There are 2 protein chains.
Amino acid sequence: MAVAQDTELVGSLVQLMHKLQDLYAESSRPLGLTPQQAHLLCVLLAGPFGMTELSRIMSIERSSLTSMVDRLERRELVERQPDPADRRACRIALSAPGTELAHQAHTAYTDRIAELTAGLPATQRKAVVAAIGVITES
Amino acid sequence: MAVAQDTELVGSLVQLMHKLQDLYAESSRPLGLTPQQAHLLCVLLAGPFGMTELSRIMSIERSSLTSMVDRLERRELVERQPDPADRRACRIALSAPGTELAHQAHTAYTDRIAELTAGLPATQRKAVVAAIGVITES
DNA sequence: TATTGTTATACTCTATAACTATA
DNA sequence: TATAGTTATAGAGTATAACAATA
């Protein structure tokens with residue numbers, strides 16, 4: 001069966017996820033951020049988003065996001081800006097120090113992964129990117 | 001530089017991690033488990049472990065584990081068994097219903113991943129497993 | 001009426017520090 | 001003294017349900 005053939009690959013993917021999660025946590029912590037906060041800041045590097053949109057991107061409820069944004073806003077890492085087109089809505093944007101910290105978090109994390117994958121030859125690297133593309137886009 | 005070459009692969013890996021995390025959460029929830037609880041139960045499928053060993057495996061502090069085990073023990077999914085060789089220690093073991101639920105969680109999750117990777121040919125599958133091995137064993 | 005975001009509430013996850021009992 | 005595990009405490013993440021303001 002298909003499932004039986006998949007066993008090895010699936011197991012690898014599970015281990016990989018846990019490894020990446022650990023790296024993410026280890027990279028965020030020295031910056032004073034939880035992994036979820038680091039994730040949110042990095043998402044915001046792509047530009048301001050509304051709460052509903054952010055909650056969809058991060059796969060969490062809007063009300064959960066409200067508390068996260070509250071905490072980050074208290075630390076002046078993000079700002080709630082009024083949405084000129086809709087008075088109910090707001091746009092969450094990085095402050096200057098938030099942007100700086102987001103870049104640091106992104107760099108810390110990607111550097112760690114880059115170290116891990118440094119040993120892979122270009123061909124293998126390409127193969128993995130292609131395979132992952134199939135997985136993430138489905 | 002090495003980092004620049006890694007950009008595409010690193011980005012892929014980050015997206016993959018988030019995708020897998022979402023799948024994990026979606027698979028655990030209908031079973032009444034948080035992703036962390038599902039993880040713990042699945043680890044215990046490999047046999048009973050002491051608290052210190054479990055905390056190392058799961059990368060969390062022993063005290064955090066204590067509360068998790070408390071909650072699962074209240075639901076009679078795991079049991080604290082005395083360690084015959086050391087009266088300070090205990091061994092965390094799955095109960096019969098815990099074992100059943102752990103299998104369900106494992107199946108639910110691996111089935112979801114198996115679906116995602118069903119389109120990959122055997123050669124690509126092998127290449128990915130090999131590459132992931134390099135990453136997770138470093 | 002539908003949507004945006006917040007509030008109230010309850011649980012879970014997690015870490016740090018201090019502790020007990022045993023090795 | 002060192003180790004296994006727990007307790008106490010605090011903060012963060014998350015969901016559900018109910019709500020206010022605007023579309």
Side-chain angles (χ1 to χ4, degrees), chain A residues 18 21-22 24-44 48-75 77-93 105, chain B residues 18 21-22 24-44 48-75 77-93 105:
Chain A
H18 289 307
Q21 280 180 326
D22 288 351
Y24 210 109
E26 287 166 21
S27 308
S28 318
R29 209 172 193 331
L31 299 174
L33 296 172
T34 63
Q36 294 88 347
Q37 287 172 335
H39 184 198
L40 178 49
L41 293 186
C42 288
V43 165
L44 290 177
F49 292 102
M51 294 295 281
T52 300
E53 203 171 3
L54 264 185
S55 91
R56 188 184 45 71
I57 294 173
M58 304 197 58
S59 306
I60 60 178
E61 292 296 318
R62 283 197 310 264
S63 63
S64 307
L65 196 52
T66 294
S67 356
M68 284 191 66
V69 170
D70 284 347
R71 284 185 287 270
L72 292 173
E73 196 173 33
R74 250 178 264 136
R75 293 165 65 181
L77 296 173
V78 306
E79 296 166 357
R80 283 177 167 93
Q81 298 175 342
D83 182 333
D86 185 341
R87 282 195 303 175
R88 294 170 304 181
C90 62
R91 302 173 64 71
I92 313 302
Chain B
H18 289 305
Q21 280 179 327
D22 288 351
Y24 211 110
E26 287 166 21
S27 307
S28 317
R29 208 170 192 334
L31 299 174
L33 297 171
T34 64
Q36 293 89 346
Q37 289 172 333
H39 185 198
L40 178 49
L41 294 184
C42 288
V43 166
L44 290 176
F49 292 102
M51 294 295 281
T52 299
E53 203 171 2
L54 263 186
S55 91
R56 189 184 46 71
I57 294 172
M58 304 197 59
S59 307
I60 60 178
E61 292 298 317
R62 283 198 310 269
S63 64
S64 305
L65 195 52
T66 295
S67 356
M68 283 193 67
V69 170
D70 285 347
R71 284 185 287 271
L72 292 172
E73 196 172 32
R74 250 178 264 137
R75 292 165 66 180
L77 296 173
V78 306
E79 295 167 358
R80 282 177 168 92
Q81 298 174 344
D83 182 334
D86 185 340
R87 281 194 304 174
R88 293 171 303 181
C90 63
R91 301 174 64 70
I92 313 302

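The structure presented is a predicted model; accordingly, all values stated were derived computationally and were not measured. In the text below, chain A, chain B and the rest are named by the order of the sequence lines, each starting its count at 1.
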Base C:dT16 to side chain B:S63, donor-acceptor N/O within 3.5 Å cut-off
yes
Quick one: [X] [atom1] to [N] [atom2], roughly how many Å, whole number?
{"X": "A:D83", "N": "C:dT6", "atom1": "CG", "atom2": "P", "value": "13 Å"}
{"X": "B:R74", "N": "C:dC11", "atom1": "CZ", "atom2": "P", "value": "10 Å"}
{"X": "B:L54", "N": "C:dC13", "atom1": "CG", "atom2": "P", "value": "14 Å"}
{"X": "A:R75", "N": "D:dA12", "atom1": "CZ", "atom2": "C1'", "value": "11 Å"}
{"X": "A:I92", "N": "C:dT6", "atom1": "CD1", "atom2": "C1'", "value": "12 Å"}
{"X": "B:D22", "N": "D:dA15", "atom1": "CG", "atom2": "P", "value": "11 Å"}
{"X": "B:Q81", "N": "D:dG5", "atom1": "CD", "atom2": "P", "value": "13 Å"}
{"X": "B:Q21", "N": "D:dG13", "atom1": "CD", "atom2": "P", "value": "14 Å"}

Please identify each residue that fulfils side-chain contact (heavy atoms from CB on, under 4.5 Å) with B:T66, with sequence neighbours left out.
B:M51, B:D70, B:R80
Using the test side-chain contact (heavy atoms from CB on, under 4.5 Å), find all partners of A:S67 that sit at least two apart in sequence or belong to another chain.
A:R71
Any [X] side-chain heavy atom under 4.5 Å of [Y] side chain:
{"X": "A:L33", "Y": "A:R75", "answer": "yes"}
{"X": "A:C90", "Y": "A:D83", "answer": "no"}
{"X": "A:E73", "Y": "A:I92", "answer": "no"}

Is there a side-chain contact between A:T52 and the phosphate of C:dT3, meaning an N or O under 4.0 Å from OP1 or OP2?
no
Spatial distance of atom OG (A:S28) from atom CD (A:Q37) [nearest 0.5 Å]
9.0 Å
Working to the nearest 0.5 Å, report the span between NE2 of B:H39 and CG of B:L44.
10.0 Å
Under the side chain to side chain contact (heavy atoms under 4.5 Å, CB included) rule, what do B:H18 and A:Y24 come out as? Steps first, then yes or no, please.
CA-CA 11 Å; B:H18 289 305; A:Y24 210 109; 4.3 Å; yes
Numerically ordered, the residues 25-37 of chain B set in heavy-atom contact under 4.0 Å with DNA chain D is B:R29
Quick check on contacts: within residues 64-71 of chain B, what sits under 4.0 Å from DNA chain D by heavy-atom distance?
B:T66
Any idea which heavy atoms bring B:L65 and B:L40 closest together, and the distance?
CD1-CD2, 4.2 Å
Give the minimum heavy-atom separation between A:P48 and A:R91, together with the two atoms involved.
O-NH2, 3.6 Å
Across nucleotides 18-23 of chain C, 5' to 3', mark each nucleotide with B, S or - according to how protein heavy atoms within less than 4.0 Å reach it.
---BBS
If you look only at pairs with a residue in residues 24-39 of chain B, which of them pass as a salt bridge (Lys or Arg N to Asp or Glu O under 4.0 Å), with sequence neighbours excluded?
B:E26-B:R112
Regarding B:R80, tell me which of base, sugar-phosphate or nothing describes its non-hydrogen contacts under 4.0 Å with the strands shown.
sugar-phosphate
